[in-house]
Amino acid sequence: MLEVLRVDSAQPDAAALTRAGTLLRAGGLVAFPTETVYGLGAHAGDPAAVERIFTAKGRPADNPLIVHVADADGLASVAAAVPPLAARLAERFWPGPLTLVVDAAEHLPAVTRGGRSTVAVRVPAHPVALALLRRADVPVAAPSANRSGRPSPTRAEHVVADLGDVDGLLLDAGPCPVGVESTVVDARGQTPVVLREGAVTREHLGLTAASPLGSPPTGGLTAASPGTRYRHYAPSCRVEVADVGDGPRRAQALAQQGARVGLVAAAPGAQDVVTLAVVRDADDLGRRLYALLRAAESAGVDVVVVEAVPEAGIGRAVMDRVRRAAEA
Ligand code: TXA
Ligand code: MG
């Protein structure tokens, strides 16, 4: 069973951190908050511990994990070498929601890297995550703490709903402030290549909106960031994307055909539609999207209509997740 320890999000209790850090060092699982989503962590250098993550999530073995470290020295400890671009991006964006793919140090277990020669690394910008990483004093492999294919967890309750049976600890520090996962970039070349859109935007990275997503050395986008090829973020009800401003109309049309319809849009729906949330903008939708997809399930709707937000800034990552949730 997952044991839940409540901690303050700004000043986490030292005793809880010590328990969690000790458990990580000993090969156990600890779910913890980051600024993006909750992660399910294990000692990245301990293959048996990392195996437990794959089993708990039902995650395909060829989908590598992000290794979380406390600072840029942590990157050097799991990388074969730190390329100049990675050093610059780390300096600029860490702690923060940017994950850097670099060549992996040989000692890093294959299971952590999903069998690849590279490793994805980030320093999370959350006081609880940082304090835990310092306490554990080992690199911590942590995918999002959901069952594989489900919406990522942005609150501790979501972790309990998906992984409540798992042996380990959960540090509950309330909702995650960003709500959309980190941007994954290949940092081995001259310029960052975005493999997964995320909270650090192309604008932040100095890339144009038109720069292609992941032109990897081998085999197309899917080979670049393996996780992007699996069904993702999907609740048990259907998800439909409406155009900007068209959510209420689309929801109403579906309701008139007899469906029970949930709506997430900038304006509320008509009376026979379950308005799950009125969202202000892309940031707001990003923060709440995964929780709303889970709320749609609980509300028992057949379909949830999510109105699009403009695809600029974080809106690009948010719409990537919305679309993927909507893929049947
Ligand atoms: O914000 C986040 O990134 C959260 C928090 C917990 O840090 N983590 C997260 O992990 O979203 P996960 O496992 O759900 O997604 C990791 C993504 C996957 O798409 C995976 O394929 C990709 O990163 N990835 C991991 N290692 C990689 C590598 N060596 N090369 C390319 N992509 C990699
Ligand atoms: Mg995930």
Side-chain angles (χ1 to χ4, degrees), residues 30-42 44 50 53-54 56-69 78-80 86 93-105 108 110-126 128-130 132-133 139-154 158-159 162-163 171 176-188 193-200 213-214 216-219 221-234 286 290 317 320-321 324-325:
V30 175
F32 60 96
T34 77
E35 77 278 37
T36 59
V37 302
Y38 276 78
L40 179 64
V50 175
I53 295 178
F54 283 89
K57 283 189 53 114
R59 183 179 177 103
D62 63 352
N63 192 4
L65 306 177
I66 294 175
V67 175
H68 296 68
V69 294
V78 294
F93 292 102
W94 283 357
L98 182 69
T99 294
L100 303 174
V101 173
V102 299
D103 287 319
L108 197 70
V111 60
T112 304
R113 305 183 249 133
R116 304 184 152 233
S117 60
T118 53
V119 60
V121 187
R122 88 175 185 103
V123 177
H126 192 297
V128 175
L130 283 173
L132 176 65
L133 290 166
V140 174
S144 50
N146 50 281
R147 291 272 314 161
S148 211
R150 303 261 308 143
S152 298
T154 51
H158 304 158
V159 181
D162 279 17
L163 302 175
L171 298 178
C176 300
V178 175
V180 173
E181 299 87 342
S182 65
T183 307
V184 179
V185 304
D186 188 332
R188 292 174 297 167
V193 176
V194 178
L195 304 179
R196 178 179 73 176
E197 305 276 0
V200 169
L213 187 72
T218 52
L221 166 65
T222 52
S225 190
T228 55
R229 80 169 158 265
Y230 300 107
R231 179 166 157 82
H232 253 88
Y233 316 116
Y290 295 135
D320 165 68
R321 306 307 193 268
R324 245 103 74 54

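Starting from 1, each residue takes its place in the sequence as its number. All ligand and atom numbering here is 1-based and tracks the order in the structure.
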Quiz item: Should you measure from each heavy atom of Pro143, which atoms of ligand 1 turn up under 4.0 Å away?
Solution: 10 (O), 12 (P), 13 (O)

Quiz item: Which atoms from ligand 1 have a heavy atom of Ala120 less than 4.0 Å away?
Solution: 25 (C), 26 (N), 27 (C), 29 (N)

Quiz item: Purely on distance, is any nitrogen or oxygen of Thr99 under 3.5 Å from one on ligand 1?
Solution: no

Quiz prompt | Test of proximity, Lys57 against ligand 1: N or O pairs below 3.5 Å | solution = no

Quiz item: Would you say Arg122 and ligand 1 have an N/O pair spaced under 3.5 Å apart?
Solution: yes

Quiz item: the Mg ion (ligand 2): which protein N, O or S atoms are under 2.8 Å away?
Solution: Ser144 OG

Quiz item: Of the non-hydrogen atoms in Ala56 and Leu40, which two are nearest, and what is the gap between them?
Solution: CB-CD2, 4.0 Å

Quiz item: So between Gly179, Ala142, Pro153, Ser144, whose heavy atom ends up nearest atom 12 (P) of ligand 1?
Solution: Ser144

Quiz item: How long is the gap from CG on Leu100 to CG on Asp186, to the nearest 0.5 Å?
Solution: 9.5 Å

Quiz item: Does ligand 1 have a heavy atom under 4.0 Å from the side chain of Arg59, from its backbone, from both, or from neither?
Solution: side chain

Exercise. May I ask you to list the atoms of ligand 1 that are less than 4.0 angstrom from any heavy atom of Thr36?
Key: 1 (O), 2 (C), 4 (C), 5 (C)

Practice problem: With heavy atoms under 4.0 Å as the rule, classify the contact between Thr118 and ligand 1 as side chain, backbone, both or neither. | Solution: both

Self-check item: Ligand-residue contact atoms, ligand 1 with Val184, heavy atoms, under 4.0 Å
Solution: 23 (O)

Quiz item: So, does Arg113 sit close enough to ligand 1 that a heavy atom of it is under 4.0 Å from the ligand?
Solution: no

Quiz item: What pair of heavy atoms forms the shortest contact from Val200 to Phe93, and how long is it?
Solution: CG1-CE2, 3.8 Å

Exercise. Just let me know how Asp186 lines up against ligand 1, side chain, backbone, both or neither, with a heavy-atom cut-off below 4.0 Å.
Key: neither

Quiz item: Would you say ligand 1 has an N or O under 3.5 Å from any N or O of Thr34?
Solution: no

Exercise. Check each atom of ligand 1 against the heavy atoms of Arg196 and keep those under 4.0 Å away; list them by number with element.
Key: 2 (C), 3 (O), 9 (C), 11 (O), 15 (O), 16 (C), 17 (C)

Quiz item: Between Tyr290 and Tyr233, what is the ring plane arrangement, given parallel below 30°, perpendicular above 60°, and tilted in between?
Solution: parallel

Quiz item: Would Val180 and Thr36 satisfy side-chain contact (heavy atoms from CB on, under 4.5 Å), going step by step from the backbone distance to the final call?
Solution: CA-CA 5 Å; Val180 173; Thr36 59; over 6 Å; no

Quiz prompt | For the student: nearest non-hydrogen atoms of Leu65 and Ala141, plus distance | solution = CD1-CB, 3.8 Å

Self-check item: Ligand-residue contact atoms, ligand 1 with Glu181, heavy atoms, under 4.0 Å
Solution: 1 (O), 2 (C), 11 (O)

Quiz item: Do Arg150 and Ser144 get their side chains close enough for a donor-acceptor pair, meaning under 3.5 Å?
Solution: no

Quiz item: Short list, please: which atoms of ligand 1 are under 4.0 Å from a heavy atom of Asn63?
Solution: 18 (C), 20 (C), 21 (O)

Practice problem: Say whether Arg122 and Thr34, considering side chains only, have a donor N or O and an acceptor N or O under 3.5 Å apart. | Solution: yes

Quiz item: If you count the atoms of ligand 1 from 1 in the order shown, which ones are under 4.0 Å from a heavy atom of His68?
Solution: 5 (C), 6 (C), 7 (O)

